[in-house]
Amino acid sequence: MDNGTANMNRIRNFSIIAHVDHGKSTLADRLIEMTHTVESRNMKAQILDTLDLERERGITIKLVPVRMNYTAPDGEKYILNLIDTPGHVDFSYEVSRSLAACEGAVLVVDAAQGVEAQTVANAYLAVEQNLDLIPVFNKIDLPSAQPERIAKEVGEVIGIDASNAVLASAKDGVGVDEILERIVSDIRPPVGDPDAPLRALVFDSVYDNYKGVISYVRVVDGELRVRKGVSFMATGEVFEVEEVGVFTPSMRPVDRLGPGEVGYVVAGIKSLADAGVGDTITDSPRPAPSPLPGYRRVKPVVFCGFFPIEREEINSLREALEKLQINDSAITFEPESSTALGFGFRCGFLGLLHMEIAKERLYREFGVELVATAPNVIYQVKLTDGDTIEARRPSDFPSDVSRQEEVLEPYIKITIFLPDSYVGACIQLCQERRGTYAGMDYITPERVRLTYDLPLSEFIMDFHDRLKSVTRGYASLDYEHIGYRPSDLVKVDILIQDEPVDAFSFICHRDAAYHRGHAVAAKLKELIPRQLFEVPIQAAIGKKVIVRVNVKALRKDVLAKCYGGDITRKRKLLEKQKEGKKRMKQVGRVLIPQEAFMAFMEVSGDDGR
Amino acid sequence: MTAGSVYIHVPFCESKCPYCAFKSAPKGDGDEELYVESVRREISRRSSEIGPIDTLYVGGGTPTALSVGSWRELVNVLESSLSFLDGAEVTVEANPNTLSAEHIRLWGEWRVNRVSVGVQSFSDDELSFLGRLHTALQAEEAVVMCEEAGFCVSLDLMFGLPGASIRDWARSLRRAVGLRPRHISVYQLTIEPGTPFYERKFDLPEGYWQYRYAQWRLPKEGFFQYEISAFASPGYECGHNMNYWADGEYVGIGPAAWSFTNGARRANAASLAEYARMTERGGDAFVFEERIEGERAARQAAVLALRTKKGIDWSVFRSRYGDAFSDAIMRGLAKFPGELITCDERGAALSKKGMRVGDAIWSDII
């Protein structure tokens, strides 16, 4: 057990940053292995990807810290705290959180593929935080590896000197020793005052059923000790520390954490609101004069409704969302009610992947099955009376179209790195998605950087997947928000048996309204089973119907004899049919299967162009 | 309590029809005698359940597969162990293939007043597809014979066969009507698990238009629909079946027969051998029993009643199942469109159109 505050000069806090698939997780595994942090018999691939989902999808979502004991060639012993970072574009906010707790970063670049969009974005985040950077060219064992070309690319595109980059193959363990040495030599040790009032940055938190909130912290000044009274500076709430510890990577209690150290704190906290990520923990009798800068907070940009499949499960869903939020502070949710789906929550996410993962985690970790409505962005609706509404869902739009003066939608600037042979296809995709060309330059004779201004709503509808398919996976992208712009947008309502079903309404550009309305109506026609009466499905803008299809009335039926012996059998058959109906949502008199609500999401992105 | 409705199951068939899920088996030597003797024992054991007979129905299987000699024995058993009310309805099912003049004479001398002829179709192709061993002409002859003997005759016709056209169906109905029976049952071919048709896994066509045509055509000929699959001249409805749909009690005798008495539905052993063994020891032949009570019983009764044109009479229904369940069922029915069902304070009944989609309505209220 560590029993004292470590010497700050012997601590290094760092992250590994990379574009997705450039080998970050494999390198982390190697570092853990070479420092004997985890016994080799307990090693499994991608040890830091703790969520099942992460291993399945091969991406890192949650950041996980690990403390490694490293003995340098000169015999000096060091503590290396690795704070892992996620690679997907939706999760760049987690990267900045990790970086806020570090003094340095290992920048991993694939020696064959070179600089990709996330390489640039993450490197810039590290530069913003004033971190010491160690460039590493990974996969040097590949025949197509071109370290000289990549070094030039890193210099030209990012503006970082990579002439001294470590040439490594994390897979084979090549260069890992050198990386460890460079972490000690190139990254500065933390600085802090052990005698000053406590200041510890909360860079993440998880919820444990027994311990409550577990806050991940980086101590800057002072000391965290068991039974010490501490407070969170944003809320002023006071708690007594019950346990402090370090990550090995499993949690191991220690007596105290001093300046420069990374670990966790348990203080009997039950609610996220009392222990916000980004907050500063300080001494309660002797608070620090000012909190740590924290990091850039991000706002959710994609919203959708989550509704429990069984109406009675609304409270389980609420509890699950609360716990998920402790774990993933970027999620927001507020109650909402839909005439079609009953009570649920309007949830905000950083992107579509983030939303899918949240939905998946709610199911796997909390056993909550839900229906998600189509995602949308926040629109600004200017009214004729001068007011502006912030519309987070189609039903926020005024029902009277004539009150609507102008609609603005959020735009992003999207940067795409790709081989020049796919430029044509990529430009076509961006144009189809209502993009405005912003620029193009050649990084190398074969590789192009393309920038477009794109409505965010077009981006969240499977843009990433489409980009991958038109470029055969060779493109990478990054984006930034560039504010609101006016667009000719309309709300399309879907009416089933003349009743608008709010869960199916969507916002789209006027030119696409017919195609999308038709696609949605056709899909619903396919999925809604025949009922006892004809069911018209219409798509309408305001009062104007633009599409109409009918689900014909039920005609197929079994008109069997039913005599003495049949009665029991017949009843069982009917009871079975009734069970089937229970799994549908009743909207007015019409039964709509769950699949319709889910399939709607897929369809509303595909406008048949 | 005693039941005035008795069903006698005759478990023999000349051959098994590939669509039929009712219990039957080929006869072995001595099976007929064994069967009649076992029936005698079962009736004698259950005499306390059986009251004076109001309706008696001999079905199968194929009652006409039983030889005239065995029939005579069966009649003796029934006459000596049952007492019949005046005007009791006594029905026998007949297969055109095995029906003989001797059967008819015997029935006429006894107290049979209805014969239900299993015609199924007036197309020889369809009959052969259905595995029936008779032709359309034989079916017509059987009907005429029964009519001449003075029985009230009912025809069974099947629709929804693969490849059938509306013309074929119209022709079958026309020939049925032309025979001037008193009662016509039309029902859709269904594929039951455990039948050869089930194994063959073919797709059935929609039977909707054929059913609709029957609903339009038969009343013009004086046959009024009084139940989902039954049409009759006024006064010739089948009382025995009406009792089933009114959730009335009945005693089933013979292998695989079902009984409903004192709130319990019970089934006899299906094989003749097993049935004979159980009755020989002087015991019951029951191998299955279920008791449906409370709301489930009420819902099942509502479904049965809604098979009939008369439907549910709430005053009767309430006195039998109570206000709470009656109200719940009434609320469930009220949400269906008026063109499918009329539901008011007095009663609830399906319209013609509602009968076409009965299953969908029942599966909602069951």
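By convention in this document, chain letters (A, B, ...) are assigned in the order of the sequence lines, proteins followed by strands, and residues within each chain are numbered from 1. The analysis underlying the following values was restricted to heavy atoms, covering all of them including side chains, and did not include hydrogens, waters or symmetry mates. What you are looking at is a predicted structure, and each value in this text was computed from that prediction instead of being measured.
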For [X], is the [atom1] atom crowded, meaning more than 12 foreign heavy atoms sit under 6.0 Å from it?
X        : atom1 : result
A:Phe343 : CZ    : no
B:Tyr198 : OH    : no
B:Phe286 : CZ    : yes

Quiz item: Any idea which heavy atoms bring A:Leu574 and B:Trp362 closest together, and the distance?
Solution: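 The answer is CD1-CB, 3.7 Å.
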Self-check item: Between CD1 on residue A:Ile567 and CH2 on residue B:Trp258, distance to nearest 0.5 Å
Solution: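 A:Ile567 atom CD1 to B:Trp258 atom CH2 measures 9.5 Å (nearest 0.5 Å).
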Self-check item: Side chain proximity check, A:Lys570 to B:Asp359, heavy atoms < 4.5 angstrom
Solution: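 Result yes, sub-4.5 Å side-chain heavy-atom pair found.
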Exercise. Report the residue from B:Arg265, B:Arg266, B:Gln300 that forms a side-chain contact (heavy atoms from CB on, under 4.5 Å) with A:Thr568.
Key: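 Single pass found, and it is B:Arg265.
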Exercise. Among the options A:Lys576, A:Glu575, A:Gln531, pick out the one with the most heavy-atom pairs lying under 4.5 Å from chain B.
Key: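 Max contact count across the listed options: A:Glu575.
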Quick check on [X] against chain A: is it the side chain, the backbone, both or neither that has a heavy atom closer than 4.5 Å?
X        : answer
B:Leu304 : side chain
B:Asp156 : side chain
B:Asp364 : both
B:Tyr7   : neither
B:Phe288 : side chain

Quiz item: Using a heavy-atom distance cut-off of less than 4.5 Å, which residues of residues 289-297 of chain B contact chain A?
Solution: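 Listed by number: B:Glu290, B:Ile292, B:Arg296.
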